[in-house]
There are 2 protein chains.
Amino acid sequence: MMNISEASKRSHLPVKTIRYYEDIDLIKPARNGSGYRSYNESDVHRLRFLQRSRSLGFTIEECRLLLSLYDDDNRASSDVKSVAEAKIKEIDLKIKELGTLKVTLSALAQNCHGDDKPDCPIIDDLAGRRDH
Amino acid sequence: MMNISEASKRSHLPVKTIRYYEDIDLIKPARNGSGYRSYNESDVHRLRFLQRSRSLGFTIEECRLLLSLYDDDNRASSDVKSVAEAKIKEIDLKIKELGTLKVTLSALAQNCHGDDKPDCPIIDDLAGRRDH
DNA sequence: CCTTGACCCTCCAGTCAGTGGAAGGTCTAG
DNA sequence: CTAGACCTTCCACTGACTGGAGGGTCAAGG
């Protein structure tokens, strides 16, 4: 059993974040006599699970679902896989969107001389004064 | 001069968003006798400028900067270009991060059978039980 | 003249996933 | 016994809106 700062070190999650996760019912540590949170090894596993899934881009609600699958020894691996695949699709979409954005912005930047003169195709485009 | 819903149509910005932009001092429309906001053509240009720059991924604060450059007839085009280039770099970084995420998640998903059995390499990874 | 419905207004609360800080209690080493 | 490093709760803030309550205004139709 350990205090929150030790759990923080072992899970690589900030103390504030751990308390926040308790607030939204992702974890329920025990309390000692003076009201301090007290974490056991399985709590730390849970926190690490959260740290890892958040860092992979899952939202809190997805983490909640993944945790329930983690808790369920009889879940089908297909249940987990479908969550992962949905997330991969989302990431893919986001990458494509950003790619489009980059192309557009790069084209604008390339047309801009970047000198001391006031003429600027970027501003013209933003203002709706582009010719194309 | 037009009411807010007409300005919304012409700028492709939701009414709520236009009011919000006023709240944070991006635009200051006139008011008519009964307190209704009243937009002229130059207000609509400003709103369109905001719509376009937001859709290109600039934050509100960046839009505020771009607007001040838009207002300044003597700005150097290099000032604008540097804002655009910084944004391109950010987008690039984000794309790379998402690419890494996608590779990691895809590798996990590929190792998962996705069947009715409980064994799941994705959960194992999240739980820190991966072998590699 | 009155009503209906489409506008408009302000203000408050909520979103997401935390982060920062204030005010105060507890524990441990010197 | 005291300093300082912990711990607690609670409230406010972030970005960029969005939703809704509760009310005022305006134009058309009966």
Side-chain angles (χ1 to χ4, degrees), chain A residues 1-40 43-44 46-67 87 90-91 94 97 101, chain B residues 1-40 43-44 46-67 87 90-91 94 97 101:
Chain A
M1 298 298 258
M2 68 199 85
N3 281 345
I4 199 168
S5 65
E6 182 65 21
S8 164
K9 267 175 216 149
R10 298 213 194 166
S11 62
H12 309 291
L13 281 172
V15 164
K16 279 270 187 187
T17 301
I18 297 177
R19 280 199 276 252
Y20 171 69
Y21 285 172
E22 180 176 353
D23 223 50
I24 60 173
D25 299 315
L26 287 175
I27 189 163
K28 282 167 206 141
R31 298 285 179 136
N32 72 13
S34 48
Y36 285 21
R37 290 169 180 82
S38 192
Y39 299 86
N40 60 25
D43 290 328
V44 171
R46 228 177 153 71
L47 289 173
R48 274 214 278 253
F49 187 99
L50 285 166
Q51 192 282 322
R52 176 91 176 126
S53 29
R54 285 292 295 126
S55 77
L56 284 174
F58 291 102
T59 66
I60 289 287
E61 286 319 302
E62 285 160 351
C63 289
R64 200 186 295 280
L65 171 58
L66 287 169
L67 266 182
K87 184 52 63 179
E90 269 178 51
I91 293 173
K94 194 81 198 162
E97 282 173 8
L101 227 49
Chain B
M1 298 297 257
M2 68 200 85
N3 280 345
I4 198 169
S5 64
E6 183 64 23
S8 164
K9 267 173 217 150
R10 298 214 194 163
S11 63
H12 309 290
L13 282 172
V15 165
K16 277 272 186 186
T17 302
I18 296 177
R19 278 197 278 252
Y20 171 68
Y21 286 173
E22 181 177 352
D23 222 52
I24 60 174
D25 299 315
L26 286 176
I27 188 164
K28 281 167 205 140
R31 297 286 179 135
N32 72 13
S34 49
Y36 285 22
R37 290 168 180 83
S38 193
Y39 299 85
N40 60 25
D43 290 329
V44 171
R46 229 179 154 71
L47 289 173
R48 272 214 279 253
F49 187 99
L50 285 165
Q51 191 282 322
R52 175 90 176 126
S53 31
R54 285 290 295 124
S55 78
L56 284 174
F58 292 102
T59 66
I60 289 286
E61 286 318 304
E62 285 158 352
C63 289
R64 201 187 294 280
L65 172 56
L66 287 170
L67 265 182
K87 184 52 62 178
E90 270 178 50
I91 293 173
K94 194 79 197 168
E97 282 173 9
L101 225 50

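Lettering of chains follows the sequences in order, A, B, ..., and the numbering in each one begins at 1.
When each of C:dT10, C:dT26, D:dT18 is scored by its nearest atom to the side-chain atoms of A:S34, the top-ranked nucleotide is C:dT26. Here the nucleotide nearest the side chain of B:R19, chosen from C:dC9, D:dC17, D:dT25, is C:dC9. When distances run from any side-chain atom of A:S5 to the nucleotides C:dA17, C:dC9, D:dC7, the shortest one goes to D:dC7. Closest to the side chain of B:I4, out of C:dC9, D:dA16, C:dA17, is C:dC9. If you check D:dC7, C:dT10, D:dT25 against the side chain of A:N3, the one that comes closest is D:dC7. Distance from the side chain of A:Y20 is smallest to C:dG18 among D:dT9, C:dG18, C:dG20. When distances are taken from the side chain of B:I60 to each of C:dG21, D:dC17, C:dT19, the shortest belongs to D:dC17. The side chain of B:Y21 lies closest to D:dC17, out of D:dC17, D:dT8, D:dG19.
Using a 4.5 Å cut-off on side-chain heavy atoms (C-beta onward), B:K16 and B:Y21 make no contact. Side-chain contact check for A:D25 versus A:R64: some heavy-atom pair is nearer than 4.5 Å.
Projected onto DNA chain D by closest heavy-atom contact, B:G33 and B:F58 fall at different nucleotides, the more 5' of which corresponds to B:F58.
Residue A:T17 places no side-chain N or O under 4.0 Å from the OP1 or OP2 atom of C:dA17. Side-chain N/O atoms of A:R54 include one lying less than 4.0 angstrom from OP1 or OP2 on C:dG18. Taking 4.0 angstrom as the limit, A:R64 places none of its side-chain polar atoms (N or O) nearer than this to OP1 or OP2 of C:dA17. Under 4.0 angstrom from either OP1 or OP2 of D:dC7 there lies no side-chain N or O belonging to A:R37.
If you measure from atom CD1 of B:I18 to atom P of D:dA16, you get 17 Å, rounded to the nearest angstrom. Remark: P of C:dC8 and CE of B:M2 are 12 Å apart, rounded to the nearest angstrom. A:Y39 has its OH atom 14 Å from the C1' atom of D:dC6, to the nearest Å. Atom CD1 of A:I24 and atom C1' of C:dC16 are 10 Å apart (whole Å). Nucleotide D:dC17 holds its P atom 12 Å from the CD atom of B:E61, rounded to whole Å. Atom pair A:E6:CD and C:dC27:P shows a separation of 18 Å (rounding to whole Å applied). Atom C1' of nucleotide D:dT8 and atom CG of A:N32 are separated by 11 Å, given to the nearest angstrom. Remark: P of D:dT9 and CD of A:E22 are 7 Å apart, rounded to the nearest angstrom.
Side-chain N or O atoms of A:N32 include one that pairs as donor or acceptor with a backbone N or O of A:S34 at under 3.5 Å.
Scanning both residues, A:S38 and A:D43, for their nearest heavy atoms gives O-OD2, 4.0 Å.
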Self-check item: Worked verdict on B:E22 versus B:R31 for salt bridge (charged side-chain N to carboxylate O under 4.0 Å, His left out)
Solution: CA-CA 12 Å; B:E22 181 177 352; B:R31 297 286 179 135; 3.1 Å; yes
Quiz item: When you look at B:E90 and B:K94, which way does the salt bridge (charged side-chain N to carboxylate O under 4.0 Å, His left out) test go after all the steps?
Solution: CA-CA 6 Å; B:E90 270 178 50; B:K94 194 79 197 168; over 6 Å; no
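Side-chain N/O atoms of A:Y36 and base N/O atoms of C:dG25 include a donor-acceptor pair closer than 3.5 Å.
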